[in-house]
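See below for the structure under consideration.
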Amino acid sequence: MAQSRRIPPALPFSDQVAIFERLQAHDPSPKTELNYTNPYTLVVAVALSAQATDVGVNKATAELFKVADTPQKMLDLGLERLTDHIKTIGLFRQKARNVIALSKILVEEYDGQVPDSRAALVSLPGVGRKTANVVLNCAFGYTAQAVDTHIFRLGNRTRIAPGRDVEEVEHAIEDNVPVRFQQNAHHWLILHGRYICQARRPRCAVCIINDLCPYEEKTA
């Protein structure tokens with residue numbers, strides 16, 4: 001029987017504090033790079049962002065959200081016109097069906113409002129745990145940690161939050177990152193992973209936490 005991979009320990013508390021103090025000083029008020037106007041448009045934007053870039057989603061939703069920024073307006077818009085708005089995004093047909101389906105559920109079961117419950121959110125078509133956590137964090141101010149591929153890589157590479165899968169990394173952030181930084185933690189980590197600690201060639205020379213990072217294969 002194959003043994004599961006041993007997870008190294010997370011960085012000690014003092015290093016966690018130092019890292020997040022630097023990230024905070026560099027970007028005191030980090031935000032999601034997806035454009036949205038209310039909790040509903042955030043749900044839609046994050047659902048559309050799977051296997052797509054934030055830039056691409058923002059281009060597609062710029063006109064969409066002008067005409068459909070509530071579940072009922074999205075239903076009134078209809079599947080065909082919604083599909084036309086988002087056809088530049090990967091998997092757009094399935095995503096359009098999901099958006100219409102989740103909008104119908106929000107109207108019929110939640111009086112047109114986005115529920116502030118992870119369980120309720122993940123029950124919506126096309127909404128997974130990461131999407132739910134983004135909505136809980138950004139729309140409702142809850143310290144939920146939305147772990148994507150950037151955070152999974154960064155959490156393990158730096159040992160800020162090591163884990164075998166995204167849920168283990170999520171819990172490792174909750175357990176190890178000081179509470180004072182939890183509200184913005186996933187924003188800082190996503191942006192650092194997206195622009196600095198990149199997958200193929202991390203930009204270690206310009207990394208503000210380079211000296212605190214135990215990653216052995218640092219680039220020049």
Side-chain angles (χ1 to χ4, degrees), residues 1-34 42 46 49-51 54 116-119 121-122 127-220:
M1 179 182 295
Q3 294 183 342
S4 59
R5 179 173 65 86
R6 181 177 176 274
I7 303 174
L11 293 177
F13 177 77
S14 59
D15 287 352
Q16 299 274 3
V17 171
I19 283 172
F20 282 94
E21 283 181 342
R22 292 183 193 181
L23 293 173
Q24 184 178 56
H26 179 70
D27 188 359
S29 301
K31 305 293 182 185
T32 176
E33 294 186 316
L34 287 171
L42 180 59
V46 182
S49 71
Q51 300 182 48
D54 289 357
D116 55 350
S117 154
R118 183 182 289 115
L121 286 166
V122 298
V127 176
R129 188 178 181 89
K130 186 196 80 171
T131 299
N133 283 346
V134 171
V135 174
L136 292 174
N137 181 284
C138 299
F140 298 112
Y142 179 69
T143 56
Q145 306 301 329
V147 178
D148 67 353
T149 55
H150 296 298
I151 294 183
F152 180 77
R153 176 181 67 253
L154 180 64
N156 281 286
R157 182 181 279 173
T158 64
R159 286 184 25 220
I160 290 172
R164 283 174 290 247
D165 55 40
V166 293
E167 285 201 37
E168 282 193 1
V169 170
E170 177 186 331
H171 295 313
I173 294 172
E174 295 171 344
D175 290 345
N176 294 287
V177 175
V179 171
R180 75 194 90 158
F181 303 115
Q182 292 263 339
Q183 181 61 42
N184 290 320
H186 93 271
H187 291 299
W188 285 318
L189 295 177
I190 286 174
L191 295 172
H192 195 72
R194 183 174 290 168
Y195 297 111
I196 303 297
C197 196
Q198 296 168 334
R200 294 186 179 179
R201 187 171 176 82
R203 302 174 61 206
C204 299
V206 297
C207 176
I208 62 175
I209 62 171
N210 186 317
D211 59 311
L212 297 168
C213 173
Y215 182 58
E216 294 180 354
E217 301 175 32
K218 287 189 170 72
T219 59

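As the structure is a prediction and not an experimental result, all values here were calculated from the model.
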Legend entry - Pair L189-F20, side chain to side chain contact (heavy atoms under 4.5 Å, CB included): steps then yes or no: CA-CA 10 Å; L189 295 177; F20 282 94; 4.1 Å; yes
Inset, instruction - Might you work through the side chain to side chain contact (heavy atoms under 4.5 Å, CB included) test for Y215 and T158, ending with a clear yes or no? - result: CA-CA 6 Å; Y215 182 58; T158 64; over 6 Å; no
Inset, instruction - Measure across A144 and H186 and return the closest heavy-atom pair with its distance rounded to 0.1 Å. - result: O-ND1, 3.8 Å
Inset, instruction - Side-chain contact test, heavy atoms from C-beta onward, threshold under 4.5 Å: evaluate it for K130 versus E170 and give yes or no. - result: no
Inset, instruction - Evaluate the side-chain proximity of L34 to V134: yes if any heavy-atom separation is below 4.5 Å, no if none is. - result: no
Inset, instruction - Spell out, as yes or no, whether a donor-acceptor pair under 3.5 Å connects the side chain of R129 to the backbone of R118. - result: no
Inset, instruction - List the atom of A205, the atom of N210, and the distance in Å for their closest heavy-atom pair. - result: N-ND2, 4.3 Å
Inset, instruction - Verify, without hydrogens or angle tests, whether R159 (side chain) and C213 (backbone) share a donor-acceptor contact under 3.5 angstrom. - result: no
Inset, instruction - State the CG-CD1 distance between D148 and I190, to the nearest 0.5 angstrom. - result: 4.5 Å
Inset, instruction - Tell me, with the steps shown, if K31 and C138 meet side chain to side chain contact (heavy atoms under 4.5 Å, CB included). - result: CA-CA 8 Å; K31 305 293 182 185; C138 299; over 6 Å; no
Legend entry - Rounded distance (nearest 0.5 Å) linking atom OH of Y195 with atom CD of E33: 3.5 Å
Inset, instruction - Could you grab the distance from atom CD of Q24 to atom CZ of R22, nearest 0.5 Å is fine? - result: 13.5 Å
Inset, instruction - Give a yes or no on whether the backbone of C197 and the side-chain of R153 come within a donor-acceptor separation of less than 3.5 Å. - result: yes
Legend entry - Nearest heavy atoms of F181 and V177, plus distance in Å: CB-CG1, 4.0 Å
Inset, instruction - Calculate, to the nearest 0.5 Å, the distance between atoms OG1 and CD belonging to T143 and Q183 respectively. - result: 6.5 Å
Legend entry - N/O donor-acceptor pair under 3.5 Å between W188 side chain and D27 backbone: yes
Legend entry - Check: A172 main-chain N/O paired with N176 side-chain donor or acceptor under 3.5 Å: yes
Inset, instruction - Please lay out, stage by stage, how E174 and H171 fare under the test side chain to side chain donor-acceptor pair (under 3.5 Å). - result: CA-CA 5 Å; E174 295 171 344; H171 295 313; 3.3 Å; yes
Legend entry - Shortest non-hydrogen contact between D116 and L136, atoms and distance: C-CD2, 3.8 Å
Legend entry - Backbone of D54 reached by a side-chain donor or acceptor of S49 within 3.5 Å: no
Inset, instruction - Enter the distance from L11:CG to I160:CD1 here, rounded to the nearest 0.5 Å. - result: 6.5 Å
Inset, instruction - Might you point out which heavy atoms bring P162 and V169 nearest each other, and give the distance in Å? - result: C-CG2, 4.2 Å
Legend entry - Taking every non-hydrogen atom, the tightest pair across T131 and V46: OG1-CG1, 3.4 Å
Inset, instruction - Answer yes or no: is there a donor N or O on one side and an acceptor on the other, between the side chain of N156 and the main chain of G163, under 3.5 Å? - result: yes
Inset, instruction - Working to the nearest 0.5 Å, report the span between CZ of R200 and OG1 of T219. - result: 15.0 Å
